[in-house]
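Report on the following structure.
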Amino acid sequence: MSVQSASLTPAAQEPRPVSGLAQFVQMNLEVFRRDRMALVGACIYLFFVLVALLAPWIAPYSPLEVIQENGIWLANEPPSPRFYLGTTNLGRDIFSQLVYGSRTALLVGFSAAVAVALIGTVVGLVAGYYGGWVDTLLMRLADIAFGVPFLPLVIVLVALLEPSIWNIVLAMALLLWRDTGRVIRSQVLTVKERAFVAAARISGAGDLRILFLHIAPSILPLSFLYGSLAIGWAILTEASVSFLGFGDPDVVSWGFMLQDAFVSQAMSRGAYYWIVPPGLCIMLSVMAGFFIGRGYEEILFPRLRRS
Amino acid sequence: MAILEIRDLVVAYRTQRGVVHAVDGVSLDVAPAQHLGVIGESGCGKTTLLRAMVRVLPRNASVPRGTIRFKGRDLLALSDREIRALRWREIATIPQASMDSLNPVYRVGAQLVEVLTVRGGLDRGAARRRAVELFQMVGLESQALDRYPHEFSGGMKQRAVIAMALALGPSLLLADEPVTALDVIVQHQILEVFKRLEQELDLTVILVTHDISVVAQVCDSVAVMYAGRVVEQAGTQPFFRTPYHPYSLGLQNAFPNLAQPRAELIAIEGYPPDLVTPPPGCRFAPRCPFAVDLCHTQDPALGAVGPGHQAACHRTQEMEALRAQAADPETWLQVSGMEAPLRPPASPHVQEDPVP
Amino acid sequence: MQRSVVVYLVGRIAQSLLVLWVVVTFLFFLFRLAPGNPLVAYIDPTFTEEQQQALMRQFGLDKPLSVQYLVYLGNLVQGELGDSFFYRSPVIELVMEVLPNTLYLTFTSLLVAYGVGVVGGILLAWRRGSRLEQMGVTFTLMTRSAPEFWVGMILLTVFAFNLGWFPSSGATSPGTLYASEWDKLTSWDFWRHMVLPATTLALYLHGLPLLLMRSNMLEVLDEDYITMGRFMGYSELRLMVRHAARNALLPVITAMALGVGYSVGGNVVVENVFGWPGLGRMLVRAVAASDYPLAQGAFFLIAVVMVTMNLIADVLYGVLDPRIGAGQQAQH
């Protein structure tokens, strides 16, 4: 196997085995109890989830509403008690856009994470369990997926299909399963040799039953690890695509706001109140994904973080 | 005139469980050309004592008290630069685990040449010639200079490390368990090399080991450490003939001894105490078959028991009788006053870095 | 030794070609299956039906898909990427013209990022447990989480618009023409334009080598041969650089393969923020203008650059790690 394909998480290092649902739940709680950073990450997401749910009550205006007074657009207003973060050059309230942007970010982040983790897990399970040509084929595919430039592909896909956040999720699902799939495969290779799998086989369980009832639970934490990393990737990707102008024009997202600022000369006017907040929100939510991922890593690979 | 004088040295480790005094009030004199063996079980502070002498201590260690005078200079008062200048040129150290003390990515000869040029100030040609010489001294072929550490056997690596230690002609050599990881035959060969070089080069040596037979083979004097303290100090001969501390009796029982072969090995029950909360009185009392009430309350001081022979025990007067008892395995099975279950203490040496 | 190295190289190159083949095949069908007439941007509304048919023939679009695919592959092998609908000139010329700019930007930022990352990783490991380390790690995590275009926008606002130190867009000042690439590369003007985009990319890219170098260093610093070096009276600098860093560096080079891949993708965004005339900007413009041949060509070239650089990094790793070399020799 090529060196390039080596994941940053050493697959050779065997993660701590987990079996049984109770132990699995307990392990997930342990992640947040033991790792302060993971807890911080979870709190950040919780915060954004609350903001997204309560958006209509928090945001003083509708995000795309052009605010007028006496028939005059209130464009390029600086921050004030009325417009916390000022207004855009079209007289839209920046703070309200920021609040509604969290909805898009979370929607894209979580659905992409689920898609990536799901595909990666199934690929890893199937490749690792069945071996042979299935394994070879899937791992060659993963090699290829590693060689495809990610963002350009997303742009082309989104532009050719139609600009919607679901196509961004689709593009991510098409490529990013590779890391998850690879790591889970190597884990399945060790798990399937364990006694409880043999026991299940002797008791007459079919392949699918063994795969999803016996092996899958013990590799789920790995799926969670890669899923939580994918949240950040997805939010970043959506932002980049929107920034490049291929986003859904009817959906307000943080990337959309930055594109708006970019093309509206916010930079030359020094409108930091417009430029800084959306980027900070993206950064925070991506960091939160990293933090949670680190928490899982710490539980799964205790030796990794020894120093 | 001593080349090395240690007075009331204390070395402390900060650990998560509290402060550990791994070395707790040690005083030692080492004369030129003396070959001192420091013995004791692991966790008694031997390695810490050795590392304190060149101030290569783990990050969580500190020296709150004491002095170490080497050729009249207080090593603890030197600046970092001064102590570094002294290392290897004056005091060379053969570390524990010297198996892994060679850098795997450089050829052994290159590492020898590096120390000769960087620390010894030789030019590359002279360094190379000296490296060949040194390898011959320790019984290695000069071709081996061009090999990588992983191409060496354990014994060869040990010889190479000895050659490195001797490279700059140090006046004091510190050796930490120099043969522990080797098999018995190789151990013997290495110790022979050691013995020969000690004599030839007129070295002063402090050798730390848990293996009392090593001391018998290459040392002329002995210091016994227990729980961070020196509990007995003597010439090798008197030490083996008439030990004065029950711990020394126990150690002599527990090891096959080339000088005094014994039929039966008797282990000392239990482990050295946890130094976060050391026992009151004599620290050996919980494991000592001869402990009396006094031993559990009052800490015995190191006192003279003969010419050049000191021991820290309340019952040195009765030692002749106790030695006879100590030869009986039964004695060691009925240790009185053992309160808490004895378990191995956690090593204080490794400090975990704070989570970023 | 030579034989096994050749076998390894051939295998690795074959794998790279396979990746490229899959990419171009995917591209071909993606663009053909896209809704609407692929010539929509090319066709003037005043064209008659006949003229349109003629154009379709000219671009080979009247033939069956399978034939088109084979023709397409054949052309690709010959470096023939078709004509741009928009510029009406050969795609290959257009993309090759901007390719150097992308490479300059990528290599400059990678060089800076890996230089800073490796040195910073050593520094943070050396000062482990200190405030400096905590701040360094936090800063790096932030740069890895921040969207590159946003960092670029902030740099632009501060250093180009507010302070006026650097130009805000392009690779050369308007109206400047250079006699040769070399003239451009040695001009002050070009590098002044390079500063902000390269900094933006490097800010993002340095995180991986830095964090990796730091954790490798921390591991190596626990090794006995480092303690031995302390006993030997070596300076901290010598221990860090000659003894620890040398051992910690190898995995960083492996990671570089991944870093290269991401940086080519990241270029797309940064080039657009800074109006840097490179492949990424060309791709975005072509996609936006439905200039399919040009978009395909730009994408293809980006994939080629990425695959090639991954290949180089892989081979470099094999050269640098004595154990891999030894393994290959042992096989022989």
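Throughout, a chain's letter reflects where its sequence line sits, starting with A, and its residues are numbered from 1. What you see is a predicted model, and the numbers here were worked out from it, not measured in a lab.
In this structure, the side-chain contact (heavy atoms from CB on, under 4.5 Å) partners of A/Ile119, at least two apart in sequence or on a different chain, are A/Val123, A/Ala173, A/Trp177.
Counting only heavy atoms from C-beta outward, the side chains of C/Trp150 and A/Ile282 never approach each other to under 4.5 Å. Within the 4.5 Å cutoff, side-chain heavy atoms of C/Leu141 are placed close to those of A/Phe291. Looking at heavy atoms from C-beta onward, C/Phe299 lies out of side-chain contact with A/Ile155 at the 4.5 angstrom threshold. A/Phe290 places a side-chain heavy atom less than 4.5 Å from the side chain of C/Ser145. The shortest side-chain heavy-atom distance between C/Phe26 and A/Ile144 does not fall under the 4.5 Å cut-off. Side-chain contact check for C/Val158 versus A/Tyr272: some heavy-atom pair is nearer than 4.5 Å.
More than 12 non-hydrogen atoms from other residues, nucleotides or ligands lie less than 6.0 angstrom from CZ of A/Arg269.
Only the side chain of C/Leu283 comes within less than 4.5 Å of a heavy atom in chain A; its backbone stays farther off. Proximity to chain A (any heavy atom under 4.5 Å) is shown, for C/Val284, by both the backbone and the side chain. With a 4.5 Å cut-off on non-hydrogen atoms, C/Asn162 touches chain A through its side chain but not through its backbone. In this structure, chain C has heavy atoms under 4.5 Å from both the backbone and the side chain of A/Val276. In this structure, the portions of A/Leu280 lying under 4.5 Å from any heavy atom of chain C include both its backbone and its side chain. When heavy atoms are compared at a cutoff of 4.5 Å, C/Ala286 does not approach chain A at all. With a 4.5 angstrom heavy-atom cutoff, A/Leu153 touches chain C via backbone and side-chain atoms both. Of the two parts of C/Val151, neither the backbone nor the side chain holds a non-hydrogen atom closer than 4.5 Å to a non-hydrogen atom of chain A. Contacts between C/Ala146 and chain A at a heavy-atom distance below 4.5 Å involve backbone atoms as well as side-chain atoms.
C/Leu156 CG to A/Phe262 CZ: the interatomic distance, rounded to the nearest 0.5 Å, is 7.0 Å. For the atom pair CE (C/Met142) and CE (A/Met283), the distance works out to 3.5 Å, reported to the nearest 0.5 Å. The CD atom of C/Glu148 sits 11.0 Å away from the CZ atom of A/Phe243 when rounded to the nearest 0.5 Å. To the nearest 0.5 Å, atom CG of residue A/Asp143 and atom CD of residue C/Gln15 are 4.5 Å apart.
Taking each heavy atom of A/Leu236 and C/Pro147 in turn, the nearest pair found is CD2-CA, 3.5 Å. For the pair A/Pro152 and C/Val268, the tightest heavy-atom approach, listed with the atom from each and the gap, is CG-CG2, 3.8 Å.
Counting heavy-atom pairs closer than 4.5 Å to chain A, the top-ranked of the candidates C/Ile154, C/Val23, C/Leu27, C/Val19 is C/Val19. Top candidate by heavy-atom pairs under 4.5 Å with chain A, chosen from C/Val273, C/Leu18, C/Leu221, is C/Val273.
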